[in-house]
Amino acid sequence: MSASNIYVALIHFPVMNKRGDVIASAVTNLDLHDIARASATFGVKSFFVVTPIEDQKELSARVMAHWIEGFGGEYNPDRKKALSMVRITDSVEETVLEIEKIEGRKPNVIATCARPCNGALSFRELRSRISSTGEPYLLMLGTGWGLSPSLIEGASAVLEPISGNTDYNHLSVRAAAAIMLDRLLGAEWYS
């Protein structure tokens, strides 16, 4: 399966805090590295880090420069390859416009949520659409306590939550990204 039509966005604004307030969350070094590595593993076209906060964009750029242009890239070429696919944008709207420039059409924007949502797409259904339509898709991952309701409501669809065999459901966004990408783009050995 070619994943060349898939984009991932890690959203830092607008997201929710524990109380349900809309906030901007902080970019973390681990998220940049691990989601970039998962994205590269599964053939994602680009990984967008979405934040309007200037110091967070500067931090992201410094981390990436170390691993792309600095000693880190010489020391670990695999990490350089993964982090080279990272793009920093101010908003989901800007991200969609960037993808539209590349693809010549707007992507199907897929929201993710750890809570069940009515009408959510199953992983199997989205996997089938990705492989059969050739259309571009943007998978939005929320930081903090998840995407704001406005992003979920404005999405083309919402992906079903990841569920384990307990009622505990508080995965890190890094772990969730890897699981989602494997279910959507990985080998179907588990089916």
Side-chain angles (χ1 to χ4, degrees), residues 1-51 82 85 92 95-96 107-133 135-191:
M1 169 188 298
S2 171
S4 63
N5 58 338
I6 305 301
Y7 297 83
V8 170
L10 183 62
I11 311 299
H12 293 86
F13 179 81
V15 294
M16 308 302 290
N17 68 10
K18 189 174 184 174
R19 293 187 312 253
D21 303 319
V22 175
I23 61 160
S25 64
V27 174
T28 72
N29 192 19
L30 281 174
D31 289 348
L32 287 176
H33 283 264
D34 287 356
I35 297 173
R37 291 164 65 188
S39 294
T41 297
F42 290 102
V44 167
K45 200 163 191 176
S46 290
F47 165 40
F48 290 89
V49 176
V50 180
T51 180
M85 70 184 334
V92 171
T95 304
V96 167
N108 295 291
V109 178
I110 308 300
T112 61
C113 186
R115 296 173 301 281
C117 295
N118 289 333
L121 284 176
S122 70
F123 284 97
R124 196 171 302 278
E125 184 177 0
L126 183 55
R127 181 184 177 99
S128 176
R129 288 183 187 184
I130 289 167
S131 65
S132 65
T133 67
E135 296 177 358
Y137 286 84
L138 172 61
L139 186 65
M140 291 191 302
L141 306 170
T143 56
W145 283 71
L147 298 171
S148 73
S150 64
L151 289 181
I152 293 172
E153 292 163 9
S156 308
V158 179
L159 186 60
E160 70 181 336
I162 295 169
S163 58
N165 59 359
T166 71
D167 60 358
Y168 187 85
N169 189 9
H170 294 281
L171 292 169
S172 70
V173 70
R174 299 175 304 282
I179 292 167
M180 287 179 200
L181 291 174
D182 182 54
R183 289 182 181 179
L184 295 172
L185 304 171
E188 282 199 84
W189 58 266
Y190 56 84
S191 56

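Predicted, not measured: the structure shown is a model, and the values here were computed from it.
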For residues 108-120, run the donor-acceptor check on the side chains, cut-off 3.5 Å, and write out each pair with its distance to 0.1 Å, sequence neighbours left out.
unit_1, atom_1, unit_2, atom_2, d
Asn108, ND2, Glu135, OE1, 2.8
Asn108, ND2, Pro136, O, 3.4
Thr112, OG1, Met140, O, 2.7

Report all side-chain donor-acceptor pairs from residues 12-25 shorter than 3.5 Å, counting only partners two or more places apart or in another chain.
unit_1, atom_1, unit_2, atom_2, d
His12, ND1, Leu10, O, 3.4
His12, ND1, Val50, O, 3.4
Asn17, OD1, Arg19, N, 3.0
Asn17, OD1, Gly20, N, 3.0
Asn17, OD1, Asp21, N, 2.9
Asn17, ND2, Asp21, OD2, 3.3
Arg19, NE, Asp21, OD2, 3.2
Arg19, NH2, Asp21, OD2, 3.1
Ser25, OG, Thr143, OG1, 2.4

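Atom-to-atom distance recorded for Asp182:CG and Leu185:CG is 8.5 Å, nearest 0.5 angstrom. Rounded to the nearest 0.5 angstrom, Arg127 CZ and Leu121 CG are separated by 14.5 Å. Remark: Ile6 CD1 to Phe42 CZ distance equals 12.5 Å, nearest 0.5 Å. To the nearest 0.5 Å, the span separating NZ on Lys45 from OH on Tyr7 amounts to 3.5 Å. Taking CG of Leu181 as the reference point, atom OG1 of Thr41 lies at 9.0 Å (rounded to 0.5 Å).
Within the structure, the side-chain hydrogen bond (donor to acceptor under 3.5 Å, both in side chains) test picks out the following pairs touching residues 169-178 (sequence neighbours left out): Asp31-Arg174. Sorted by first and then second residue, the salt bridge (Lys or Arg N to Asp or Glu O under 4.0 Å) pairs involving residues 144-170 (not counting sequence neighbours) form an empty list.
Every residue meeting the side-chain contact (heavy atoms from CB on, under 4.5 Å) condition with Ile162, not counting sequence neighbours, appears here in chain and number order: Phe123, Leu171, Ala176, Ile179, Met180, Arg183. Residues passing the side chain to side chain donor-acceptor pair (under 3.5 Å) test with Ser128, sequence neighbours excluded: none. Asn165 is linked by a side chain to side chain donor-acceptor pair (under 3.5 Å) to nothing, counting only residues two or more places apart in sequence or in another chain. Residues forming a side chain to side chain donor-acceptor pair (under 3.5 Å) with Thr51 (at least two apart in sequence, or on another chain): none. Residues passing the side-chain contact (heavy atoms from CB on, under 4.5 Å) test with Ala177 are Ile35, Leu141, sequence neighbours excluded.
The closest side-chain heavy-atom distance from Leu139 to Val44 is not below 4.5 Å. Taking the side chain as every heavy atom from C-beta outward, Leu184 and Tyr137 never approach each other to under 4.5 Å.
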